[in-house]
Structure formats: structure tokens, C-alpha cells
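Notes follow the structure.
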There are 2 protein chains.
Amino acid sequence: MEKYLNVIKESGAKLTNPRKKVLHNLFTANKPLTLQEIHQNCSRVDFASVYRTIKLFTEINLVEEITFADNKTRYELVSKLHHHHIICSSCGEISQLPICLLSEIESFTNYKITKHILEFMGLCPSCQN
Amino acid sequence: MEKYLNVIKESGAKLTNPRKKVLHNLFTANKPLTLQEIHQNCSRVDFASVYRTIKLFTEINLVEEITFADNKTRYELVSKLHHHHIICSSCGEISQLPICLLSEIESFTNYKITKHILEFMGLCPSCQN
DNA sequence: CTGGTTGCAAACTCTTTGCAATCCT
DNA sequence: AGGATTGCAAAGAGTTTGCAACCAG
């Protein structure tokens, strides 16, 4: 948590209450969140502030934008581990995948990849019954 | 092309001009298109008609929705081959990838996967210079 | 103090829908 | 003929921005 606060300070941005709340929300959530979810979780913070805070966090590379197969954009804290997700279309559970094809695709296509999506949606084991 | 026309007929939908134009546009394009692009290419067809046509085509499984890393939704005709894409963030060139992790992810996670995104964005070889 | 930030409200953009006129079959 | 479909226009939904009041440093 300290680490994240420092990233904000070092970017020159002020450590305001809305920013602390949004950061805390991202920190305690164990899954990527939509702007709407973050807004709901941060009482007394305007949606526009959540929007601008996430925009800032994305710019200073504190959070990462993730597009799921349900076409909703979510955000989560950048962590040391790069990972992808699978979301249950029934209960909404979000799990992480231990797989990423980035380097394979780069060498195969000779592209210099700057962004990628690798997300799945389906029924989790318990929702298949 | 005949094949696609038949899918439309068999679904019970009428073969109208707007539908033919949209189909033709998807057929000749060798990359996924956005609704806006399709609309531009189909003169005298209202955007709402493009919208509804694509919605219909998706429902009868004639086209497939694709979400790229640039967060724009595109559509392309369902073909025998299931494939994914990489888009150049500089020139917009879209290429296909010969790789798909569907079954690997299914067996690893025990999810029953219904939908997935596997898309990349970066600089194509010629735009890296 | 003072520029960066917030909340509010409004502007935009994109998506979706109601409805009368029109078109396939 | 008659229901499906279209174009138009407008409603919704989600995103983005201007601005005066406010706050962290």
C-alpha cells in the first residue's frame, strides 16, 4: 500500500481523499473493478472524480485497464505478476489465469506488442451443475 | 456468398437491400469492421439498420463480435476457421493469429468456456522503423 | 497562499428503440 | 395483402469536460 501511495506522490499528484479511497478500494478488491463498482464503493466521491482518478492512475501506470468478454472495462492495480482472467457468466466469479502468450506472439508475428487482451468467459465448475 | 444468403433465408428473415449490402460489405472486407465502418461503406442504409442487421446476423450466428485492445467492437463473418487478431496501433493493419488457447484453458480451469477474447495490439514490422 | 482537485451539471458520443412509411414474399 | 423491415428522430446509457468552490502542500 505504501508503495502505491509513493507512486502517486512521485508523479506530482496530490494525495487527496478521493484518490485514497479509490486506491484503497482497488487494493482490497481481489478482482478487477468497473468504474461504476469503484464509484459505489467510494461513498462521497463523485463519479467524475472516480473517472479522473482512474485516468490518472492509468497514466502513471498504477492501474491497468482490462476488457472482459462481457465488453465491460475493468481496472486493477498493476502488480508484479502479469496475468489474465476468466469470468463466470453465471455467478460473476473472476479467476486468474497463469498463462500469457505475449512473447510467443511477438516472435511469431514480428510485431512489437504494446497492448493485449486475453480474457475468457464461461461457467465455473460450481455453476455447471 | 450463397451460403450466407441461405443462412439468412433459413432464419426466416427477409432478404432486403440493407441486409444484402451489409453482408456484401462484410464479405469483401478482409478484416473485422466496426458498425461505423460498415455504415460508411453501405450508402443509403441508415445506421440503425446497420445496427439491427448486425444484431440479427450475430443472433443467427452469421457474424462474430470481436473486441480489440483499442476497445472498439468489430464484427466479421463467421468462417470455418476460428482465429484471433493483432492490430497495428500505427497503421491499423489487422492480421490473423493461428493460435487459440480455448481447450487448454478449459482443461486447466475446469470452466466451460462460452466466450473469449484473445487480441493483441502493437506495431507491425513496417511501422517499427 | 495557490495551483491542483473536487463536485456538480452539462455536453458528447455511442447505443438502442418507437413509429409511420415502405418493402419482401 | 400483410407482417417484417427501414429510415428518421429521439430516448438512453456511458463517457468526458467546464467551472466555481475547495483543499493539500
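Every chain is numbered from 1 and lettered A, B, ... according to where its sequence line falls, protein lines coming before strand lines. This structure is a prediction, so every number in the text was calculated from the model and none was measured.
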Can you tell which of [options] lies closest to the side chain of [X]?
X	options	answer
A:Thr16	C:dT6, D:dC8, D:dA4	C:dT6
A:Asp46	D:dG7, C:dC8, C:dT6	C:dC8
B:Val45	D:dT5, C:dC24, D:dG7	D:dG7
A:Ala48	D:dT17, C:dT5, D:dC8	D:dT17

Between [N] ([atom2]) and [X] ([atom1]): distance, integer Å:
X	N	atom1	atom2	result
B:Lys20	D:dA4	NZ	P	19 Å
B:His39	C:dT16	NE2	C1'	15 Å
A:Ile38	D:dG14	CD1	C1'	15 Å
B:Leu56	C:dT16	CG	P	15 Å
A:Arg74	D:dG14	CZ	P	13 Å
B:Ile8	D:dT5	CD1	P	11 Å
B:Lys72	C:dT13	NZ	C1'	12 Å
A:Glu10	D:dG25	CD	C1'	16 Å

Salt-bridge criterion met for B:Arg74 and B:Glu65 (N-O under 4.0 Å):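 Salt bridge flag = no for B:Glu65 with B:Arg74.
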
Presence of salt bridge, A:Glu106 and A:Lys112, under 4.0 angstrom: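 Salt bridge flag = yes for A:Glu106 with A:Lys112.
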
Which comes earlier along DNA chain C counting from the 5' end, the contact point of B:Lys14 or that of B:Lys55, where each point is its nearest nucleotide?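 The residue mapped nearer the 5' terminus is B:Lys55.
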
Measure the NE2-CD1 distance between A:His39 and A:Ile54 for me, rounded to the nearest 0.5 Å.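 Taking NE2 in A:His39 and CD1 in A:Ile54, the distance rounds to 12.5 Å.
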
[N], OP1 or OP2 - any side-chain N/O from [X] closer than 4.0 Å?
X	N	answer
B:Gln36	C:dT15	yes
B:Tyr51	C:dT15	no
B:Ser49	D:dT5	no

Can you say whether a donor on the side chain of A:Arg52 sits under 3.5 Å from an acceptor on the base of C:dG7, or the other way round?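 Per atom types, the contact qualifies.
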
Across the strands shown, which category fits A:Leu15 at heavy-atom distances under 4.0 angstrom: base, sugar-phosphate, nothing?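 If one applies the 4.0 Å heavy-atom cut-off, A:Leu15 turns out to touch the sugar-phosphate alone, with no base involved.
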
Testing the basics here: between A:Tyr111 and B:Ser95, what is the closest heavy-atom pair and its distance to 0.1 Å?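 Scanning both residues, the minimum pair turns out to be OH-OG, 3.3 Å.
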
What is the minimum heavy-atom distance between A:Glu93 and A:Cys124, and which atoms define it?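 Answer, listing the atom of A:Glu93 first, then A:Cys124: OE2-CB, 4.1 Å.
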
Judged by each residue's nearest nucleotide on DNA chain D, which is more toward the 5′ side, A:Phe47 or B:Phe47?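 Going by which nucleotide is closer to the 5' end, it is B:Phe47.
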
